[in-house]
Undergrad: 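I'd like to ask some things about the structure below.
All heavy atoms count here, side chains included; hydrogens, waters and symmetry mates do not. Both counts, for ligands and for their atoms, begin at 1 and track the order of listing.
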Amino acid sequence: MKISVIGCGYLGAVHAACMAKLGHDVVGVDVDERKIAELSAAKAPFYEPGLEELLRDVQETGRLKFTTDVSAVAGSAVHFICVGTPQKIGENGADLTYVDAAMRTLTPHVLPGDIVVGKSTVPVGTAARLAAVLEKNQPSAHLVWNPEFLREGHAVADTLQPDRFVYGVLGGSEDHIAVRVLDEVYEAPLSSGTSRIVTDHPTAELVKTAANSFLATKISFINAMAELCDAAGADVTQLADAIGMDDRIGRKFLNAGIGFGGGCLPKDIRAFMARAGELGADQALTFLREVDAINMRRRTRVVELTRDLCGGSLLGKKITVLGAAFKPESDDVRDSPALSIAAQLQLQGAVVTVTDPKALTNAARRFPELHYEADCNSAIKSADALLLLTEWHQYRDLDPYEVAGVVASARILDGRNVLDPAKWRAAGWIYRGLGRP
Ligand code: UDX
């Protein structure tokens with residue numbers, strides 16, 4: 001099928017490449033010339049495992065092109081909208097400027113019978129508004145809301161083999177013509193057993209925000225338990241293992257630590273609360289305010305624990321932060337708890353060096369005042385304390401005996417509870433975890 005993808009950021013670039021991989025003829029459109037030049041040269045503008053190989057593979061087949069010229073979408077039967085919906089500056093709500101602009105520039109090129117598919121995460125009600133815009137310009141085209149659930153670091157696999165598809169169509173009927181067209185787009189994953197649910201527009205929009213809110217709640221729940229474990233001298237990791245054995249609860253997303261960050265969970269729960277307020281249903285989501293507050297409290301807690309670890313004062317202490325990305329296998333530092341902690345420590349008088357295998361360029365752009373060191377060994381040299389804040393495998397695998405010979409003082413705070421405390425203590429380290437005795 002001929003497919004266009006509007007917006008070539010995390011979501012769009014991966015989606016375009018994966019649609020070409022599924023055998024479709026794809027054109028990706030973005031207003032950012034640098035991004036388009038990089039993608040056209042099969043270079044990913046961000047770090048995502050497997051993406052560059054995929055871009056190279058599919059571009060060799062001639063099935064994938066990128067351009068800044070939106071008129072190139074003409075002739076595509078399906079148009080995916082994959083632009084960002086960041087948090088508004090100074091407000092909780094989502095900024096829909098890019099979604100509206102994408103729709104505005106796309107509609108003149110939409111032909112009768114075309115399907116426009118929204119993938120961006122939007123406040124409930126947006127699809128109905130955009131459907132009206134589309135209807136005015138091209139009455140015989142259809143709008144589907146088809147939320148994307150990909151995780152950074154697993155984006156290619158999540159797109160090629162997602163765990164479900166949600167199609168939100170006008171009226172929510174299985175018989176809607178757009179259902180057949182989307183089934184054709186996703187024929188390969190559907191035939192290998194991926195489930196799909198057909199809903200109306202608002203349900204599809206809500207599925208995405210509800211899923212992210214649930215994940216955020218799960219993380220904040222276990223982080224609240226970590227606070228209690230700290231107070232009671234219990235171990236949150238064992239607690240998570242034990243409650244996670246109940247498959248109604250499940251062990252996934254119960255890792256206590258410095259909390260969630262990134263370009264999705266924090267802004268999505270805030271936009272959800274803002275939208276609920278507009279709908280007069282704010283009470284339903286007041287618990288998300290607490291989820292957000294527990295999450296932000298993790299960062300202050302780590303600063304206090306680090307002060308403690310350093311003997312009561314941060315002034316002049318050399319602290320090395322292992323990890324800047326909001327999670328491993330990513331170079332994304334948007335709302336990264338690791339970087340936010342590093343910046344707070346520096347503000348309170350510590351001399352902070354940050355290291356990360358992939359995210360240093362983005363980190364330096366965001367917090368130029370911090371010291372960055374790409375080489376892990378040089379970064380930890382002479383440190384008064386180490387903080388493991390993003391659980392890259394190279395930090396999980398550090399040998400406590402070897403590292404003890406490099407640092408000035410063998411003190412470590414494990415912000416992700418991924419190290420073996422007994423092993424580190426046996427090697428002479430003062431070890432602190434979060435919610436671990
Ligand atoms: C998330 C959703 O998982 C995805 O479905 C959605 O499409 C976009 O938002 P992503 O932001 O890539 O994906 O990251 P995710 O893997 O969900 O992690 C989010 C944050 O939670 C990270 O900062 C991670 O370190 C943290 N986290 C995750 C925990 O602190 N504990 C956990 O147990 C799991």
Undergrad: Is the closest heavy-atom distance from His154 to ligand 1 below 4.0 Å?
TA: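 His154 does not count as a contact of ligand 1 under the 4.0 Å cut-off.
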Undergrad: Nearest protein heavy atom to atom 17 (O) of ligand 1, by residue and atom, and its distance?
TA: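 The answer is Phe253 CZ, 3.2 Å.
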Undergrad: Compare every heavy atom of Leu143 with every heavy atom of Ala131, then report the nearest pair and how far apart it is.
TA: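 That closest heavy-atom pairing would be N-CD2, 3.8 Å.
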Undergrad: Would you say Ile219 has any N or O atom under 3.5 Å from an N or O of ligand 1, going by distance alone?
TA: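 Between Ile219 and ligand 1, no N or O pair is found under 3.5 Å apart.
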Undergrad: For Ser213 and Leu288: C-alpha separation, side-chain torsions, deciding distance, then whether side-chain contact (heavy atoms from CB on, under 4.5 Å) applies.
TA: CA-CA 8 Å; Ser213 300; Leu288 285 180; 3.7 Å; yes
Undergrad: Name the closest protein heavy atom to atom 12 (O) of ligand 1, giving the residue it belongs to and the distance to 0.1 Å.
TA: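 Of every protein heavy atom, Glu152 N, 2.7 Å lies nearest to atom 12 (O) of ligand 1.
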Undergrad: Return the closest protein heavy atom for atom 5 (O) of ligand 1 as residue, atom name and distance.
TA: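 Going by distance alone, atom 5 (O) of ligand 1 is nearest to Phe149 O, 2.8 Å.
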Undergrad: Heavy-atom contacts under 4.0 Å between Asn212 and ligand 1: side chain, backbone, both, or neither?
TA: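 It is the side chain that gets close, since no backbone atom is under 4.0 Å.
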Undergrad: Report the C-alpha separation of Asp183 and Tyr167 in whole Å, then their side-chain angles, then the decisive distance to 0.1 Å, and conclude whether the side chain to side chain donor-acceptor pair (under 3.5 Å) test is met.
TA: CA-CA 10 Å; Asp183 277 354; Tyr167 304 172; 2.8 Å; yes
Undergrad: Please check whether Phe326 reaches ligand 1 - meaning an N/O of the residue sits under 3.5 Å from an N/O of the ligand, judged on distance alone.
TA: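 Between Phe326 and ligand 1 (N or O atoms, distance only) the closest approach is under 3.5 Å.
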Undergrad: Stepwise, does the side chain to side chain donor-acceptor pair (under 3.5 Å) test hold for Arg416 with Thr390?
TA: CA-CA 7 Å; Arg416 298 290 186 170; Thr390 311; 5.0 Å; no
Undergrad: Would Arg334 pass as a cation-pi partner of Phe326, given that its NZ or CZ must be under 6.0 Å from the six-membered ring centre and within 45 degrees of the axis?
TA: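 Cation-pi check for Arg334 and Phe326: fails.
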Undergrad: Quick check: do Cys310 and Ile319 have side-chain heavy atoms less than 4.5 Å from each other?
TA: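 Answer yes - side chains close enough.
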Undergrad: Below the 3.5 angstrom mark, is there an N/O of Gly261, backbone or side chain, next to an N/O of ligand 1?
TA: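 The answer is yes, given that Gly261 and ligand 1 share an N or O pair closer than 3.5 Å.
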Undergrad: Within a strict 4.5 Å, meaning less than it, do heavy atoms of the Phe260 and Pro337 side chains meet?
TA: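 Answer no - side chains too far apart.
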Undergrad: Got the closest protein heavy atom to atom 16 (O) of ligand 1, with its distance?
TA: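 Atom 16 (O) of ligand 1 sits closest to the protein heavy atom Lys327 NZ, 2.9 Å.
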Undergrad: For ligand 1, which atoms, with element, lie under 4.0 Å from some heavy atom of Leu254?
TA: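 Contacts of ligand 1 toward Leu254, numbered from 1: 33 (O).
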Undergrad: For ligand 1, which atoms, with element, lie under 4.0 Å from some heavy atom of Arg416?
TA: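 In order of number, 25 (O), 30 (O).
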Undergrad: Can you list the atoms of ligand 1 that are under 4.0 Å from a heavy atom of Phe260?
TA: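 This gives 20 (C), 21 (O), 23 (O), 26 (C) as the contact atoms.
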Undergrad: If you measure every N or O of Asn255 against every N or O of ligand 1, does any of those distances drop under 3.5 Å?
TA: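 Between Asn255 and ligand 1, an N or O pair is found under 3.5 Å apart.
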Undergrad: What closest approach, in Å, do Ala188 and Leu22 show between heavy atoms, and which atom pair accounts for it?
TA: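 Smallest interatomic distance, heavy atoms only, reads CB-CD2, 3.9 Å.
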Undergrad: Please state whether Gly259 comes within less than 4.0 angstrom of ligand 1, counting heavy atoms only.
TA: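 Within the 4.0 Å threshold, so yes.
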Undergrad: Backbone or side chain, does any N or O of Cys264 fall under 3.5 Å from an N or O of ligand 1?
TA: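 Not met; the criterion fails.
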Undergrad: Between Glu329, Lys252, Arg334, Arg151, flag the one that comes closest to atom 13 (O) of ligand 1 by a heavy atom.
TA: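 That would be Arg151.
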Undergrad: Do Lys218's NZ or CZ and the ring of Phe253 fall within the cation-pi criteria of under 6.0 Å and 45°?
TA: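 No, cation not above the ring by the 6.0 Å, 45° rule.
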Undergrad: Give me the atom names and distance for the closest heavy-atom approach of Ala204 to Gly168.
TA: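 In this case the closest contact between Ala204 and Gly168 is CB-CA, 3.5 Å.
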Undergrad: Can you find a non-hydrogen atom of Lys208 under 4.0 Å from ligand 1?
TA: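 Contact check Lys208 vs ligand 1: positive.
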Undergrad: Could you report the tightest heavy-atom contact between Arg396 and Leu388, atom names first, then the distance?
TA: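 Shortest heavy-atom separation between Arg396 and Leu388 comes out as N-CD1, 4.4 Å.
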Undergrad: Against heavy atoms of Glu148, which atoms of ligand 1 measure under 4.0 Å?
TA: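 Reading through ligand 1 atom by atom, the close ones are 7 (O).
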Undergrad: Please list the nearest protein heavy atom to atom 1 (C) of ligand 1 with its residue and the distance rounded to 0.1 Å.
TA: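 Residue, atom and distance for the closest contact: Leu265 CD2, 4.0 Å.
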Undergrad: Give me the residue, atom name and distance of the protein heavy atom closest to atom 7 (O) of ligand 1.
TA: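 The closest heavy atom on the protein side is Leu150 O, 2.9 Å.
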Undergrad: Write down the atom of Ala342, the atom of Leu370, and the distance for their closest heavy-atom approach.
TA: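 Closest heavy-atom pair between Ala342 and Leu370: O-CD2, 3.7 Å.
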